[in-house]
Amino acid sequence: MATPMVATVFGVLGNIVSFLVYLSPMPTFYRIFKKKSTEGFQSIPYSVALFSAMLYLYYAFLKKNVLILVTINSFGSVVEVGYLVTYLIYATKESRVFTTKLLMLFNVSALGFIIAATHFLANGDTRLKIVGWICAAFSVSVFAAPLSIMRRVIKTKSVEFMPFTLSLFLTICAVVWFFYGFLIHDFYIATPNIVGFVLGIAQMTLYVVYKNKNPKKNILPVEITKVHDLQTSTIIVEMKAIDPQPQDHNSENPTVKHELEVVVNVLDYGEQVPANIVVCPPV
């Protein structure tokens with residue numbers, strides 16, 4: 001008798017914490033709304049989270065008598081749709097196309113295929129087990145989705161696009177749902193949250209390491225005079241750099257000639273331009 005009651009308590013706590021998890025990106029999307037730009041934020045975590053919530057709704061429909069799963073995943077689906085709509089409004093054309101393809105792939109094609117295949121090719125406990133394993137796999141994907149952001153944090157040494165609150169709530173959420181799944185003997189819920197806990201700790205560790213590091217490069221006003229090589233990925237440009245404090249104060253010509261090596265980084269399709277990078281329109 002005590003175990004079901006304790007499981008219910010963890011389930012309610014799981015709903016509360018998950019509610020906070022779903023709301024934790026609100027500052028991010030307020031920033032997007034205020035700046036009218038998605039900047040370096042990516043839509044992958046929200047697309048995967050929406051797919052996972054909808055998949056767990058299907059799992060709850062098959063399992064029955066799991067109102068706790070129905071309530072939080074219904075709420076999560078509505079919130080994630082709101083985030084994605086906001087993202088699509090302010091994203092670049094390339095990001096809109098990429099996000100639309102993600103939604104068509106996961107929430108239309110993949111979800112439709114899973115529902116149709118399990119409905120016609122399996123029944124009873126077999127259907128429930130298949131959907132349970134799929135849910136577990138994609139729950140891991142939800143926790144692993146921020147790995148791309150973690151890679152950017154390591155590369156840029158900046159945590160600007162990895163909100164600490166989201167990482168914290170994901171970690172707490174993983175702990176609570178693990179105990180809920182463990183107590184009701186549903187390992188399709190418990191197992192992926194072990195991975196979620198580990199990745200959450202890793203994200204928070206990265207945040208602590210890089211939170212005070214925000215390297216910025218000094219940019220001098222320049223006048224480009226000649227492009228030597230436009231056929232290779234590295235362009236050598238001869239330019240005049242205006243030095244605000246020339247070493248020779250007696251010089252009549254404060255303009256000093258330099259040679260600048262410009263390295264062109266080719267971004268993957270759909271990838272956002274990194275922070276502190278200025279993109280100039282073609283002349």
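- The closest side-chain heavy-atom distance from Y46 to P25 is below 4.5 Å.
- Because its NZ or CZ atom is not both nearer than 6.0 Å to the ring centre of F33 and within 45° of the ring axis, K35 does not count as a cation-pi partner of that residue.
- A donor-acceptor pair is defined here as one N or O able to donate and one able to accept, closer than 3.5 Å; such a pair exists between the side chain of T86 and the backbone of G82.
- Tracing side-chain contacts under 4.5 Å through hydrophobic residues (I, L, V, M, F, W, Y), one reaches V209 starting from I201; they form part of the same cluster.
- Connection of F178 to V6 is established within a shared hydrophobic cluster, with ILVMFWY side chains joined at heavy-atom distances below 4.5 Å, either directly or through further cluster members.
- Of all non-hydrogen atoms in A7 and I184, the two that sit nearest each other are CB-CG2, 3.6 Å.
- Residues A122 and I130 come closest through the heavy atom pair CB-CD1, 4.0 Å.
- Checking side-chain atoms of N193 against main-chain N and O of V176 turns up no donor-acceptor pair under 3.5 Å.
- Annotation: side chain of Y87 is in contact with side chain of F29 (closest heavy-atom distance under 4.5 Å).
- Using a 4.5 Å cut-off on side-chain heavy atoms (C-beta onward), F75 and V78 make no contact.
- Between L103 and the choices V108, L50, V81, the side chain to side chain contact (heavy atoms under 4.5 Å, CB included) rule is met once, by L50.
- Under a hydrophobic clustering in which Ile, Leu, Val, Met, Phe, Trp and Tyr are joined whenever their side-chain heavy atoms come within less than 4.5 Å, directly or via other members, F106 and V85 fall into the same cluster.
- Neither F51 nor M104 shares a network with the other; the hydrophobic side chains, linked directly or stepwise wherever heavy atoms of I, L, V, M, F, W or Y lie under 4.5 Å apart, form separate groups for each.
- Side-chain heavy atoms closer than 4.5 Å link hydrophobic residues (I, L, V, M, F, W, Y) into clusters, and following such links, even through other members, never connects Y90 to Y30.
- At least one donor-acceptor pair under 3.5 Å links the side chain of T71 to the backbone N or O of I68.
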(request) Report the C-alpha separation of Y59 and D186 in whole Å, then their side-chain angles, then the decisive distance to 0.1 Å, and conclude whether the side-chain contact (heavy atoms from CB on, under 4.5 Å) test is met. (result) CA-CA 12 Å; Y59 176 73; D186 191 329; 2.7 Å; yes
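- Note that K64 lies in the cation-pi zone of F61, set by a 6.0 Å cut-off to the ring centre and a 45° limit from the axis.
- Distance check: Y58 OH to R127 CZ gives 5.5 Å after rounding to the nearest 0.5 Å.
- Checking side-chain atoms of S24 against main-chain N and O of V21 turns up a donor-acceptor pair under 3.5 Å.
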(request) Show the numbers, then the answer: is there a side-chain contact (heavy atoms from CB on, under 4.5 Å) between F182 and F10? (result) CA-CA 10 Å; F182 178 78; F10 273 102; over 6 Å; no
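- A donor-acceptor contact shorter than 3.5 Å links the side chain of T92 to the backbone of S95.
- Under a 3.5 Å cut-off, the side chain of Y180 and the backbone N or O of I189 do not form any donor-acceptor pair.
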(message) Y207 vs V153, test: side-chain contact (heavy atoms from CB on, under 4.5 Å). Steps then yes/no.
(response) CA-CA 8 Å; Y207 190 92; V153 169; over 6 Å; no
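- In this structure, T99 and S47 approach most closely via the heavy-atom pair CG2-OG, 4.3 Å.
- Heavy-atom minimum distance, C173 versus S18: SG-OG, 3.2 Å.
- The two residues L69 and N73 have their closest heavy-atom pair at O-ND2, 2.8 Å.
- A distance of 11.5 Å separates CG in L121 from OG1 in T126, rounded to the nearest 0.5 Å.
- Taking 4.5 Å as the limit, every side-chain heavy atom of V208 sits out of range of all side-chain heavy atoms of M204.
- Within a 6.0 Å radius of NZ in K34, no more than 12 heavy atoms belonging to other residues, nucleotides or ligands are found.
- A pairwise comparison of heavy atoms in A53 and S77 identifies CB-OG, 3.6 Å as the closest pair.
- Side chains of S139 and W177: no donor on one and acceptor on the other come within 3.5 Å.
- Counting only distance, with no hydrogens or angles, the side chain of Y83 and the backbone of Y22 share a donor-acceptor pair below 3.5 Å.
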